[in-house]
Amino acid sequence: MDKNGRLTQIIAILVIVVIIIGIYVVKNGGNEELQGAIDTSRGIAQEGIVPLEISSFTPEMITESDKPMIIVLGESWCQPCLRMMDDLKALHRGQDEVEVRYIDLGENPAALEYFPVRVTPTILFFLPEGKPFMPPEGFPISMILYSSRDTGEHVFTVHEGYLPRTDLDKLVETLRDA
């Protein structure tokens, strides 16, 4: 075989190897690792930022907050929860007037003792200091208002199920203005 034929074979093999590596990286979350590195470096640059995903839940996290809060209760296997995650991350990074948090119920079963969860995702809305959000009359997003059995006092405002980014943006704006 001549020198040019051998060089052509080597180049063809290298091209195939590069394509296979590219497919592997795309299919196995290479972009997530890059995004994780970006988020980590951003977190170092902005110390004091609370992470989107809460590793352990306590009710005081809500009552001690001086900002409105959106809490999404989900599970690692929940497809609607996973579909919302990019939007939640963008909201969490993109504004600081409303706290956005995600609690994985599989890792934080204590949240199940505190919140009414019938489906995942379950999304809760709070005003500063843990006061429950009361949606304005005619609000276009369906909400469930939970009250205390003992006192009749409004304690939780919940949306059950997936919310697209446009609805999340409406909620952030409404909570910010409440």
Side-chain angles (χ1 to χ4, degrees), residues 29 31-32 35-36 39-40 42-43 48-178:
N31 291 336
E32 288 179 25
Q35 185 62 48
D39 289 347
T40 300
R42 187 171 196 271
I49 299 287
V50 179
L52 171 67
E53 294 188 49
I54 296 173
S55 59
S56 62
F57 169 76
T58 63
E60 293 77 26
M61 296 167 68
I62 299 166
T63 57
E64 294 175 356
S65 176
D66 61 349
K67 296 178 184 179
M69 185 179 286
I70 296 173
I71 299 178
V72 179
L73 304 170
E75 297 182 87
S76 60
W77 53 263
C78 168
Q79 291 303 308
C81 303
L82 297 173
R83 219 173 38 223
M84 285 180 65
M85 192 55 76
D86 286 340
D87 292 337
L88 294 173
K89 286 178 182 177
L91 276 176
H92 180 72
R93 287 190 299 260
Q95 55 79 38
D96 61 353
E97 296 144 335
V98 175
E99 291 187 41
V100 179
R101 300 288 177 261
Y102 178 85
I103 300 174
D104 185 317
L105 295 170
E107 296 177 17
N108 298 287
L112 288 168
E113 297 171 15
Y114 191 73
F115 297 120
V117 178
R118 299 185 310 176
V119 301
T120 54
T122 292
I123 307 166
L124 298 113
F125 310 95
F126 295 95
L127 297 175
E129 299 171 358
K131 294 182 178 109
F133 168 68
M134 178 62 82
E137 188 77 28
F139 196 64
I141 300 168
S142 66
M143 303 266 181
I144 300 171
L145 306 179
Y146 285 90
S147 299
S148 168
R149 286 184 184 167
D150 300 332
T151 64
E153 177 186 9
H154 176 206
V155 290
F156 296 115
T157 300
V158 172
H159 173 83
E160 294 180 332
Y162 173 81
L163 278 177
R165 177 63 191 261
T166 54
D167 287 349
L168 288 168
D169 287 337
K170 273 186 225 169
L171 282 161
V172 166
E173 184 178 324
T174 304
L175 283 168
R176 188 179 47 222
D177 296 340

### Query
Is there a donor-acceptor pair closer than 3.5 Å between any side-chain N or O of Gln95 and the backbone N or O of Val98?
yes
### Task
Can you measure from CZ (Arg101) to CG (Leu124) and round to the nearest 0.5 angstrom?
14.0 Å
### Query
Is the closest side-chain heavy-atom distance between Val72 and Ile103 below 4.5 Å?
no
Donor-acceptor pairs are to be reported for all side-chain atoms of residues 127-148 against protein atoms at under 3.5 Å, with residues two or more places apart or in another chain.
from	atom 1	to	atom 2	distance (Å)
Glu129	OE1	Lys131	NZ	3.3
Ser148	OG	Asp150	N	3.3
Ser148	OG	Thr151	N	3.4
Ser148	OG	Thr151	OG1	3.4

### Message
I need the Met84 CE to Leu91 CG distance, nearest 0.5 Å.
### Response
8.5 Å
#### Entry: Ser65: side chain to side chain contact (heavy atoms under 4.5 Å, CB included) partners, not counting sequence neighbours
Lys67, Met69, Glu99
### Task
Work out which heavy atom in Pro80 is nearest to a heavy atom in Pro121; give both atom names and the distance.
CB-CD, 3.7 Å
### Message
Are the side chains of Gln79 and Leu82 in contact, using a 4.5 Å heavy-atom criterion?
### Response
yes
### Query
If you look at every heavy atom in Leu105 and Ala111, which pair is closest and at what distance?
CD2-CB, 3.9 Å
### Task
Would you check if the side chain of His159 reaches a backbone N or O of Ile123 as a donor-acceptor pair within less than 3.5 Å?
no
### Query
Is it the case that more than 12 heavy atoms not belonging to Glu60 sit under 6.0 Å from its CD atom?
yes
## Note on the structure
One should read off an interatomic distance between Ile70 CD1 and Leu88 CG, to the nearest 0.5 angstrom, of 8.5 Å
### Message
Enumerate the side chain to side chain donor-acceptor pair (under 3.5 Å) contacts for residues 109-119, please, sequence neighbours excluded, ordered by first and then second residue.
### Response
Arg118-Glu160
### Summary
All heavy atoms of Pro164 vs all of Asp87, minimum pair found to be C-OD2, 4.5 Å
### Task
Tell me, please, which residues at least two apart from Phe115 pass ring pair (Phe, Tyr, Trp, His ring centres under 6.0 Å).
Phe57, Phe156
Solution key, residues 171-178 side-chain donor-acceptor pairs under 3.5 Å, sequence neighbours excluded:
from	atom 1	to	atom 2	distance (Å)
Thr174	OG1	Lys170	O	2.8
Arg176	NH1	Glu97	OE1	3.0

### Query
Can Tyr102 and Cys81 be said to form a side chain to side chain contact (heavy atoms under 4.5 Å, CB included), step by step?
CA-CA 9 Å; Tyr102 178 85; Cys81 303; 3.9 Å; yes
### Task
With rounding to the nearest 0.5 Å, note down the distance linking CG in Asp66 to CD in Glu64.
10.5 Å
### Task
State whether the side chain of Asp104 and the backbone N or O of Gly106 hold a donor-acceptor pair below 3.5 Å, judged by distance alone.
yes
### Query
Any donor-acceptor pair under 3.5 Å linking the side chain of Asp167 with the backbone of Leu163?
no
#### Entry: Under the side-chain hydrogen bond (donor to acceptor under 3.5 Å, both in side chains) test, residues paired with Asp169 that sit two or more places apart
Arg165
